[in-house]
2 protein chains.
Amino acid sequence: MSGTVGEQLLTPGEVAALFRVDPKTVTRWATAGRIGSIRTPGGHRRFRESEVKALLAELTTEAEPATE
Amino acid sequence: MSGTVGEQLLTPGEVAALFRVDPKTVTRWATAGRIGSIRTPGGHRRFRESEVKALLAELTTEAEPATE
DNA sequence: GGGAACTCGGGTAATTAGGGTG
DNA sequence: TGTGTCCTAATTACCCGAGTTC
């Protein structure tokens, strides 16, 4: 088998668990274009693990005395 | 005769891994006519790599670079 | 010839999508 | 503005046993 495993995809429920939010909220992020999404022929969404983790790391940048 | 010979065929499990769905779901897509399928003499399904990748790219939506 | 892994088929439970509301 | 919860409809995931593929 060859090999490009490609990219790991996550379900809305998986992403929601990572962010501690409802799957509905994750869906809204995709609708708002704030996160890339892959739709199945049936209409369900899948999210890229790399993008989710990157976005998650970005939000982890809190607790920083940002000089606004 | 046949035209393109270098067409790679993918198994339901391969396609399922690309979409992060169950192999059974891929079978339903073929049954619903959402994706072309080739049946082996034994009744198993095979999918065209080009068709699958094209469908994957078609349903892929990237998040726009939010200009902060 | 024999074995392991995968797929097929149908049926049922869980998840997701979409809109409207607080 | 953003998020959580309500509803209904559609899609997807896991269960079984049997057949097919390599």
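Letters go in sequence order (proteins before strands), and every chain restarts at 1. Hydrogens, waters and symmetry mates play no part in the numbers below; they use all other heavy atoms, side chains included.
If you take CD of A:Glu14 and P of C:dA14, they are 17 Å apart, rounded to a whole angstrom. Atom CZ in A:Arg39 sits about 13 Å away from atom P in C:dT16, given to the nearest Å. Between the P atom of C:dT16 and the CG atom of A:Leu10 lies a distance of 12 Å, rounded to the nearest Å. The CG atom of A:Asp22 sits 14 Å away from the C1' atom of C:dA17 (whole-angstrom rounding). In this structure, CG of B:Leu9 is placed 20 Å from P of D:dT20, rounded to the nearest angstrom. When the P atom of D:dA13 is taken as reference, atom CZ of B:Phe19 falls 12 Å away, rounded to whole Å.
Taking the nucleotide of DNA chain C with the nearest heavy atom to each of A:Thr31 and B:Pro23, the more 5' of the two is matched to B:Pro23. A residue-by-residue look at B:Arg34 and B:Lys24 shows that B:Arg34 has its nearest nucleotide of DNA chain D further toward the 5' end.
Contact between the side-chain N/O atoms of A:Trp29 and the OP1/OP2 oxygens of D:dT3 is found at a separation under 4.0 Å. In terms of phosphate contacts, A:Arg20 brings no side-chain nitrogen or oxygen within less than 4.0 Å of OP1 or OP2 of D:dG4. Put simply, A:Thr25 has a side-chain N or O that comes within less than 4.0 Å of OP1 or OP2 on D:dG4. For A:Arg45, a side-chain nitrogen or oxygen approaches OP1 or OP2 of C:dA17 to under 4.0 Å.
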For the pair B:Ser37 and B:Arg46, evaluate side-chain contact (heavy atoms from CB on, under 4.5 Å) and give the outcome as yes or no after the intermediate values. CA-CA 6 Å; B:Ser37 60; B:Arg46 293 283 117 90; over 6 Å; no

Kindly determine whether A:Phe19 and A:Leu56 satisfy side-chain contact (heavy atoms from CB on, under 4.5 Å), including the steps that lead there. CA-CA 7 Å; A:Phe19 284 91; A:Leu56 192 60; 3.5 Å; yes

What's the verdict on side-chain contact (heavy atoms from CB on, under 4.5 Å) for B:Phe47 and B:Thr11, showing C-alpha distance, side-chain angles and the deciding distance? CA-CA 6 Å; B:Phe47 304 92; B:Thr11 62; over 6 Å; no

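Taking every side-chain heavy atom of B:Thr27 into account, C:dG9 is the closest of D:dA13, C:dG9, D:dG4. Side-chain proximity of A:Thr11 to C:dT16, D:dG2, C:dA17: nearest is C:dT16. For A:Thr40, taking side-chain heavy atoms from C-beta onward, the closest of the listed nucleotides D:dT12, C:dC6, D:dT5 is D:dT12. Comparing C:dG10, C:dT16, D:dG4 by their nearest atom to the side chain of A:His44 picks out C:dT16.
Judged purely by atom type and a 3.5 angstrom limit, A:Thr31 uses its side chain to pair as donor or acceptor with the backbone of A:Thr27.
Nearest heavy-atom pair, B:Ala63 versus A:Ile35, reported as atom, atom and distance to 0.1 Å: CB-C, 3.5 Å.
Evaluation of atom-type donor-acceptor distances gives no pair under 3.5 Å for the side chain of B:Arg28 against the base of C:dG9.
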